[in-house]
Amino acid sequence: MSHSVKSLLRAESALPDITLKGWVRTRRDARDFSFLEVNDGSCLANLQVIVAAGLPGYETIKQFNTGAAVKIQGDLVESPGKGQRWELRATAIELIGGAGEDFPLQKKRHTDEYLRTIAHLRPRTNKYGAMFRLRSRLAHAIHCFFQERGFHWIHTPIITGSDCEGAGEMFTVTTLDLAQAPKVAGKVDFNQDFFGREAHLTVSGQLSVETCCLALGKVYTFGPTFRSENSNTSRHMAEFWMIEPEVAFADLAADMTLAEELIRYLVRFVLQECAEDLDVFARFVDQGLIPRLENIASHDFIRLSYTDAIAILLGSGHSFEYAPAWGRDLQSEHERFLTEVHFKQPVIVHDYPKEIKAFYMRCNDDDRTVAAMDVLVPAIGEIIGGSQREERLDVLTGRIEATGGRQEDYWWYLDTRRFGSAPHSGFGLGFERLLMLATGVGNIRDVIPFPRTPRSLEF
Ligand code: 4AD
Ligand code: MG
């Protein structure tokens, strides 16, 4: 069995005859020895390997280049050198897969823009290795948070027949031959398609997870979602992951509390459990990262109605590109002003005008606003969007019609309001935006291994 760098660096005592497999980060040749830094992805740190010039097979050392996959057998001993406690004295070396001098990651620092063009190799850098380990750890922490609280994980479908957000920004799924698609009255006849009807990639698992909420009580979905919005920003992608809890008998206030608890739990988790990888971002990406995360972990979020938020923006004297006005959606510059300049901490804005929100949000008694909430955080803006759901059948059907939907398309969703309907609430947390918050990385393309954005599908 081979050991991981992570386990070897934590060794309590010297270990004879161990095997390590990984990739060479650097090699330095001295007169009697070669020094290798080997990384195997188990953690950020490398293990230093000493290869004595007299070792059988030493003549191949020139092929142990940056990027090469190697196998080293040897003894783990205390390192006399500075900077590491343990080093591996090789007794046998083997080149598993060479890497020529054209391996692109020779020098230490590359721009994020360049690394995006080699997304298949960037996990081999310290920064992206750290990012993708953090991503895995945070996904695990999300499951822990919900499972510890008695939530059930529901697997909602990826291919769907309904438009959750009603925004129409959906990718079509079809097996029809586009060049010869059957048509009736000038329109594609999806009756002849795979599902016998038009099918799309889901924009949100919410409507499906709501049905399970009204049976299992506390549920969540965590999976990929897809939006064909043509917005080429640093915070949007066509494919992203979303965490969507849904709680029966919970109102908007309970929803906001759950959202706040989740974010603060996850921020504390990265501070405590991911210190080594987090340090890469605190040092090289954003020097204000740790204080900002500690601030989030230790303070209650501000709660503010949309109406009050507009009043603050109007009274700020700040000149915005888009003038704030009651009835208009908050722009990202408004969200960032509230959380970065005015409050300097996360803000939950609630009770938005109903005209700018989705049909499923519960109408408030004022008949102008809905029980919606967005969690806004510094450097990003909106990270969570959620609401109490409209549980009253007549109000819900009215909202579907008023927003241009057709009741028959939502018959199964409406059934949940016919049979044992109950107040319930939920929200969606964008997983990539959470990673931006946790690392200070400013472009969403750099927190997912293979970003999907308009006109970009290389890998
Ligand atoms: O605010 P949104 O659109 O809410 C919903 O989809 C609800 N159905 C969720 C629910 O109540 N169950 O999206 C939720 C979050 C946003 O706050 C944002 O963090 C993220 O999903 N998000 C995106 N992330 C990356 N790229 C995109 N194009 C995103 N669109 C939304
Ligand atoms: Mg939203």
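Atoms within each ligand, like the ligands themselves, are counted from 1 in listed order. For the single chain, residues carry numbers from 1 onward in sequence order.
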K.L.:
Got a sec: is E382 within less than 2.8 Å of the Mg ion (ligand 2) via an N/O/S atom?
P.N.:
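Under 2.8 Å: E382 contacts the Mg ion (ligand 2) through an N, O or S atom.
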K.L.:
Check each heavy atom of E229 against ligand 1 and say whether those closer than 4.0 Å belong to the side chain, the backbone, both or neither.
P.N.:
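The answer is the side chain.
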K.L.:
Return the residue, atom name and 0.1 Å-rounded distance of the protein heavy atom closest to atom 26 (N) of ligand 1.
P.N.:
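Result: M237 N, 3.0 Å.
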K.L.:
Applying a heavy-atom cut-off of 4.0 Å, say which part of Y220 lies close to ligand 1: side chain, backbone, both or neither.
P.N.:
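Neither part.
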K.L.:
Taking only heavy atoms of M242, which atoms of ligand 1 are found under 4.0 Å from at least one of them?
P.N.:
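Near M242, meaning under 4.0 Å from one of its heavy atoms, ligand 1 has 6 (O), 13 (O), 14 (C), 15 (C), 21 (O).
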K.L.:
Just jot down the ligand 1 atoms closer than 4.0 angstrom to any heavy atom of R389, in number order.
P.N.:
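Listed by number with element, the hits are 10 (C), 11 (O), 12 (N).
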K.L.:
Under 3.5 Å, is there a donor-acceptor pair linking the side chains of S305 and D351?
P.N.:
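No, no side-chain donor-acceptor contact under 3.5 Å.
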K.L.:
Under 4.0 Å between a Lys/Arg side-chain N and an Asp/Glu carboxylate O for D112 and K127?
P.N.:
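Yes, D112 and K127 are salt-bridged.
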K.L.:
Can the positive tip of R149 be found less than 6.0 Å from the middle of the six-membered ring of F145, inside 45° of the ring normal?
P.N.:
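Yes, a cation-pi geometry.
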K.L.:
For ligand 1, which atoms sit closer than 4.0 Å to a heavy atom of G385?
P.N.:
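Every atom of ligand 1 under 4.0 Å from some heavy atom of G385: 1 (O), 9 (C), 10 (C), 11 (O), 17 (O).
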K.L.:
Show your reasoning for whether side chain to side chain contact (heavy atoms under 4.5 Å, CB included) applies to D40 and L47.
P.N.:
CA-CA 9 Å; D40 70 350; L47 186 64; over 6 Å; no
K.L.:
One residue to check: I444. Relative to ligand 1, which of side chain, backbone, both or neither has a non-hydrogen atom less than 4.0 Å away?
P.N.:
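The part of I444 near ligand 1 is the side chain, not the backbone.
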K.L.:
Given that the side chain starts at C-beta and the backbone is N, CA, C, O, which of these parts of F240 lies under 4.0 Å from ligand 1, counting heavy atoms, or is it both or neither?
P.N.:
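It is the side chain that touches ligand 1; the backbone stays farther off.
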K.L.:
Only one of R362, R418, R399, R417 clears salt bridge (charged side-chain N to carboxylate O under 4.0 Å, His left out) with E391; which?
P.N.:
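The residue from R362, R418, R399, R417 that satisfies salt bridge (charged side-chain N to carboxylate O under 4.0 Å, His left out) with E391 turns out to be R362.
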K.L.:
Taking heavy atoms and a distance under 4.0 Å, where does H236 meet ligand 1: side chain, backbone, both or neither?
P.N.:
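Both backbone and side chain of H236 come within 4.0 Å of ligand 1.
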K.L.:
Looking at R135 and E432, does any basic side-chain N land under 4.0 Å from a carboxylate oxygen?
P.N.:
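Counted as a salt bridge, because a side-chain N and a carboxylate O are separated by less than 4.0 Å.
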K.L.:
Ring centroid separation for F226 and F171, is it under 6.0 angstrom?
P.N.:
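Not under 6.0 Å, so no.
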K.L.:
Go through ligand 1 atom by atom and flag the ones less than 4.0 Å from a non-hydrogen atom of R235.
P.N.:
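Numbered from 1, ligand 1 contributes 25 (C), 26 (N).
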K.L.:
For Y410 together with F359, are the ring centres under 6.0 Å from each other?
P.N.:
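Yes, they do, as the ring centres are separated by less than 6.0 Å.
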K.L.:
Could you tell me, atom by atom, which parts of ligand 1 come under 4.0 Å of a heavy atom of S204?
P.N.:
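Selected atoms, number and element: 6 (O), 8 (N).
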K.L.:
Would you say Y360 touches ligand 1, if touching means a heavy atom closer than 4.0 Å?
P.N.:
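Judged by the 4.0 Å heavy-atom criterion, Y360 does count as contacting ligand 1.
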